[in-house]
Amino acid sequence: LIHEWEGLQGGEHLGWAVAGDADINGDGSDDVVVGAPGYDSATTDAGRARVYSVKSAYGLIWSLTEVSSVGVGTSVAAFKDLNADGFGDLAYGQPDHPGGGTERGRVSFISGQTASMLSAKTGAADFDHYGAAIASLDITGDGKSDVLVGAPDADANGSSSGTVYAYFNLAGALNLF
């Protein structure tokens, strides 16, 4: 065992999702992104995503949650650099987020340098649960992190047949549309 991180409140579910392979804080080492979708803040089960350094005594870099939200950190992903600022970035999924309807789901893309939201994408239809899974992969072979997002209950070919969306990172500008 190298290290372990523990949740700070009952029902937090720290570790529901984990990701790495990106230097979020710019210290030259990859960091760890951990989801805790049951974390209670201003609302019950608002959730949060936490980023830990593996170089600085495994300490907390920052923690993200959203006021009046649901399930932040149900899925998480780390990216080499989505916005071409030289820092790794991250995303967290909220598959039960209303998204202008009912449980459409949402994925929020966060700057590793500033911890501010770069962009967000919402599922296309009610009950799609967009953002149930997120992954980083260089699909185009250009050395940049591209994005995969799962919507397991999308109805493309029948009820809950599911859809995986692939988005490419074009010159540091994530193409979500």
Side-chain angles (χ1 to χ4, degrees), residues 16-37 39 41-43 46-55 60-101 103-124 128-151 154 163-177:
W16 188 274
V18 296
D21 197 31
D23 182 8
I24 304 292
N25 64 350
D27 67 359
S29 294
D30 289 343
D31 300 306
V32 178
V33 182
V34 181
Y39 176 76
S41 63
T43 58
R48 70 178 170 181
R50 302 186 86 183
V51 181
Y52 295 97
S53 171
V54 297
K55 188 172 186 179
L60 180 66
I61 297 171
W62 35 260
S63 181
L64 295 168
T65 192
E66 294 183 23
V67 177
S68 301
S69 198
V70 60
V72 169
T74 300
S75 59
V76 296
F79 302 94
K80 295 290 185 197
D81 189 2
L82 291 176
N83 59 346
D85 65 356
F87 289 81
D89 301 303
L90 70 121
Y92 57 78
Q94 300 168 266
D96 293 335
H97 190 281
E103 295 183 25
R104 289 178 179 224
R106 184 174 84 174
V107 174
S108 298
F109 297 90
I110 307 298
S111 167
Q113 182 180 24
T114 65
S116 60
M117 188 176 299
L118 297 170
S119 65
K121 175 79 173 152
T122 301
D128 274 0
H129 298 116
Y130 181 87
I134 314 167
S136 170
L137 178 68
D138 182 6
I139 298 169
T140 59
D142 63 1
K144 295 177 178 62
S145 293
D146 301 309
V147 181
L148 299 172
V149 178
T163 301
V164 175
Y165 300 90
Y167 304 101
F168 61 92
N169 183 357
L170 180 63
L174 188 61
N175 183 0
L176 293 174
F177 303 100

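Numbering of residues begins at 1 and proceeds along the displayed sequence. Keep in mind that this is a model prediction, so the values were computed, not measured.
The side-chain heavy atoms of Ile24 and Trp62, taken from C-beta on, include a pair separated by under 4.5 Å. Using a 4.5 Å heavy-atom threshold, the side chains of Val147 and Leu82 count as touching. Counting only heavy atoms from C-beta outward, the side chains of Leu137 and Asp146 never approach each other to under 4.5 Å. The shortest side-chain heavy-atom distance between Val76 and Val34 does not fall under the 4.5 Å cut-off.
For the atom pair CZ of Phe87 and CG of Asp23, the computed distance is 8.0 Å after rounding to the nearest 0.5 Å. Between the CZ atom of Phe79 and the NZ atom of Lys144 there is a distance of 15.0 Å, given to the nearest 0.5 Å. A distance of 6.5 Å separates CG of Leu118 from CD1 of Ile110, quoted to the nearest 0.5 Å. From Ile61, atom CD1 reaches atom CZ of Arg50 across 11.5 Å, with rounding to the nearest 0.5 Å. One distance of note links CG of Asp89 with CG of Asn83; it measures 4.5 Å at 0.5 Å rounding. For the atom pair OG1 of Thr74 and NE2 of His97, the computed distance is 11.5 Å after rounding to the nearest 0.5 Å.
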CA sep, side-chain torsions, deciding dist, call: Asn25, Val51, side-chain contact (heavy atoms from CB on, under 4.5 Å)
CA-CA 9 Å; Asn25 64 350; Val51 181; over 6 Å; no
Test log, rule side-chain contact (heavy atoms from CB on, under 4.5 Å), inputs Arg48 and Leu64
CA-CA 5 Å; Arg48 70 178 170 181; Leu64 295 168; 5.9 Å; no
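Of all heavy-atom pairs spanning Gly20 and Ala78, the tightest one is O-CB, 3.2 Å. The two atoms that bring Gly73 and Tyr92 nearest to each other are N-CB, 4.0 Å, heavy atoms only.
Using bins of under 30°, 30° to 60° and over 60° for the plane-to-plane angle, the ring pair Tyr130/Tyr167 lands in the perpendicular bin.
Side-chain N or O atoms of Asp138 include one that pairs as donor or acceptor with a backbone N or O of Gly143 at under 3.5 Å.
In summary, Asp21 and Lys80 engage in a salt bridge, as defined by a charged side-chain N under 4.0 Å from a carboxylate O.
Every residue was checked against the salt bridge (Lys or Arg N to Asp or Glu O under 4.0 Å) condition with Asp85, not counting sequence neighbours, and none meets it.
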